[in-house]
Structures are given as structure tokens and as C-alpha cells.
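Data first, discussion second: the structure below is written as C-alpha cells.
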Amino acid sequence: MSSGQLFDRARAVMPGGVNSPVRAFGAVGGTPPFIESASGALLHTVDGTSLIDFVASWGALMFGHADPDIVEAITTAATKGSSYGMPTRAEVELAELICELMPSIEVIRMVNSGTEATASVIRLARAAVGKPGIVKFEGCYHGHADPFLVKAGSGMATFGEPTSPGVPAATVADTHLAKFNDLDSVAAAMANGQIAAVIVEPVAGNMGCIPPVEGFLQGLRDLCDTHHALLIFDEVMTGFRVALGGAQARYEVTPDLTALGKVIAGGTPGAAYGGRRDLMRMISPDGPVYQAGTLSGNPLVTAAGLAQLRKLTMQPHLYDQMQEFGLALTHELELVATAHEVPIVIRCVGGMMGVFLGIDRANSWDDLANLDTELFGRFHTEALRQGVMLPPSAYEAWFLMESHLAMGEDIIDRLTTALTAAMASR
Ligand SMILES: *Cc1c(COP(=O)(O)O)cnc(C)c1O
């Protein structure tokens, strides 16, 4: 059965035929390929094609699909039982490893998704500070919990929903917006004195890939200290993707609390939040802030996460290698854009990159107003024709995996061909 036939069946029984909106390809046109299997850098579709994958499970995979070490860890764990609802040794080992690699995290709690991590961390921050307000940035995404569904980046930008019906106005009344890379806007949002926490993607990854400008993250740290508010890094995407210790290691700014997901679960449904001991001790059962989970710390998840993180600790140069490949690709794509007189901005940070077509500056959500999403749609279609799966929205980051590195020249050829075709057909 072809992808088209499966998509028809899927649409009859699932919203948009998918379990997460961007997968429906609404932003780029066409039908999403259905995946039969995947290995290394390649997705194998039910249509018999193979695609070089830059989605990488939205950033969760660092080494490629079906990495033998991770597969072995998961299968070994599965033979011992897939869930107990009781503590395990692997949970302790994963917690210890994350605390060691990310020293701002002294105590950690595992959960099942990034959404759950950020929702929980905000509850904790509000409890600890005793104020209701949070500051979030336009274009940053922190999962789909109610308090965050305001100007929340890629998925929502793609679908033109500045906020979602079903979210009571009262729930977002305490969510204050600021502009990424603009400290004055943060100071203004904090001026009411009601702010418990500032939450930020330290490298914004849900509006392409936008690194912090020099001094921005430290400025947030200082503003939080001045206002007795907590600084929360949502490193669900950047954690162990932009550097071994996450963005907080790369930019040397220490948050009070951190949300993690994606990479720490090695492509299984797991996430976590953690931070300062005095704050995390407020979490139940040590303290009064309630948060729980039937499958939290699941043995398959902890096995996969441990396997991936242990591999990363043994290959500390991977981040530089990925960025080097990203920069080589950037250079060639820029040449194509220049030849066609199309403005382009490309950013690479470790294993993440962002490609912005049609604009010449990308430091904040406002800068993306004139993003050429139509041209990106054509680039996406041409890339598929060349056998490359780019993330299906102009607002999504691209994710690098170790398995891309061995095929770097080939990838560059295919993507320059695709971009040339997309630009030539304007
Ligand atoms: C993916 C993501 C989330 C949400 O994680 P889910 O596991 O999809 O719920 C939250 N924050 C950031 C920065 C993310 O990239």
C-alpha cells in the first residue's frame, strides 16, 4: 500500500491523518511519505524509496536511525520487561549521568515528553517564587501545555494560529511575551513585579535555528537575579545537541531549572526536568509540588537514553564535526542563493541548523515576517526529488546526525541541485 493510500486511510481516522500537525506536510505541499523502516541517515518509505533524513525524529537522534548500540540497549531492556512502575538501576544511572554532564542539574525528575517537562517546571517555578507570571519569547515553543500556547513558533506559525481555541484567557493571562535577542523587551515584561520565571530556548529552534546574540543569555540571567525570578532553559531541543552539556555549557550561562527531552531519550518517548537542589526538593514526594507519571523513567526509555548519552560522552568531537559539515553545506547553499539574488541566512550550532530563505537577518520572530515560505515549499519538494527529507516547514530547524558525515559531499550535491531547481522555477 502506497503512502497516498495510507494517508487517505489515516485522514479518515486521525486529525489531518497524523499524530502531530507538521507531519501532515500542510506547509510544503504534497503527501507525507509513510515510513517502513530507517537505518543510519536513511528513511525507507512504503513506496520503496530511501530519503536522507534531516528530521532525525525532530532532533532526538544523534547517531542515525537504528543505531546498533541503541537498538541493543532497547531490545535487551525489552526482554526484561517493558515497564514495572517501580524504580530501576538504569533510572539512577541516567539521572547521575545527566547531572554530571549538565552541572546546573543537581536533582532531576524523568517524565514522558517535553510538553510534560516544561509544564511541570513552570508549576515548580510558580510554587517556588510564589508569583504567577512567566515570560516567554515570541517564536519559542515549549510544548503544547496551555500556558505556553501564545506565539509558539513552528507548528503554530505554520498553521497561523497565534493561540489556540480551548485555552482559557485566564490561563495565558500570566504569560508575558518578550522578543528573542532583545533584553529591553524582557525588562519591560518583568516590570510588573509579578514574574516567577523567564523560560527560553537558549538557541531558538522552533523558528528555524536562531542563536542568542552575544550577551543575551547572560543578560537574562542578570535580569532574573535583579527581579528575584528564576531562569529556565528549555533545552528539550538543544540539550546534548548543540554541545555535550547543552546550550548552557556552550554559552556558559547557568539556569536555575532546565527542561530536557528529545536526545536524552534516544528516540523513545522520554524527557526530564531538573535544576537547583533547593528547588527540585519541592517536588513530590520530597515537597508539596505535585507531579507524577505512570510510565516515567520507563526501562526502554532509560536504556535508549543512556546508550545515546554514553556514546556522546565517548565522541565529544561529534558536535564540532557536525557544525563543520553544516558550515560546508551552508557555504554551498549561500552560493546558489547569491547566484539567484535571493537573500538567505543560514545558522549552524553544533548538530542544529536553520535555513532562512528570502530574508537577510534572522535574530528574532519579527525578522521572519518576510520569510519566503513558498520558495521553501518548492525547495522541500525538489529536495525530496533528490532523495532528501528536509523538515516540512520553513520554520523548523534541520537536525544533523553522525551518519550524515560520511555522505557529506553527496548531501551537498543533492541539496544545491534542489535549491537551484527551486530558485530557477520562481
Ligand atoms: C520538542 C520541544 C518541546 C516539546 O516536546 P514534546 O516531547 O514534543 O512534548 C518543548 N520544548 C522545545 C524547545 C522543543 O523543541
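Read the numbers this way: they start at 1 and go in the same order the structure lists the ligands and their atoms.
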Nearest neighbour in protein (non-hydrogen) for atom 2 (C) of ligand 1: K262 NZ, 2.6 Å

Is the F180 ring parallel, tilted or perpendicular to the F137 ring (thresholds 30°, 60°)? perpendicular

Determine whether a donor-acceptor pair (N or O, by modelled atom type, separation under 3.5 Å) exists between the side chain of Q323 and the backbone of G350. yes

Students should be able to answer this: which protein heavy-atom is nearest to atom 8 (O) of ligand 1, and at what distance? T115 OG1, 4.6 Å

Taking the six-membered ring of F63 (Phe, Tyr or Trp), confirm whether the NZ or CZ of K311 is under 6.0 Å from its centre and within 45° of its axis. yes

Carboxylate-amine/guanidinium contact R221 D256, below 4.0 Å: yes

Could you tell me whether E382 and R378 make a salt bridge, using a distance below 4.0 angstrom between a side-chain N and a carboxylate O? no

Are side-chain N/O atoms of S3 and D47 paired as donor and acceptor at under 3.5 Å? yes

re atom 3 (C) of ligand 1, the protein heavy-atom contact at minimum distance is V236 CG1, 3.7 Å

What atoms of ligand 1 come within less than 4.0 Å of a heavy atom belonging to M237? 15 (O)

Are a donor atom and an acceptor atom from the side chains of Q248 and T258 found within less than 3.5 Å of each other? yes

For atom 5 (O) of ligand 1, is some protein heavy-atom partner under 4.0 Å away? yes

Considering both backbone and side-chain atoms of D234, is one of its nitrogen or oxygen atoms within less than 3.5 Å of a nitrogen or oxygen in ligand 1? yes

Anything under 30° is parallel, anything over 60° is perpendicular, the rest tilted; go ahead and classify H380 against F376. tilted

Got an N/O contact under 3.5 Å between T118 and ligand 1? no

Nearest to atom 10 (C) of ligand 1, what protein heavy atom do you find, and at what distance? G143 N, 3.4 Å

Near S113 (heavy-atom distance under 4.0 Å), the atoms of ligand 1 are 7 (O), 9 (O)

Hey, does H144 sit under 4.0 Å from ligand 1 if you only count heavy atoms? no

For G114, the atoms of ligand 1 under 4.0 Å from one of its heavy atoms are 4 (C), 5 (O), 6 (P), 7 (O), 9 (O)

Does R310 come within less than 4.0 Å of D69, counting only side-chain N to carboxylate O? no

Have a look at ligand 1 and work out which part of N206, if any, has a heavy atom under 4.0 Å from it: side chain, backbone, both or neither. side chain

Ligand 1 N/O within reach of E201 N/O, cut-off under 3.5 Å: no

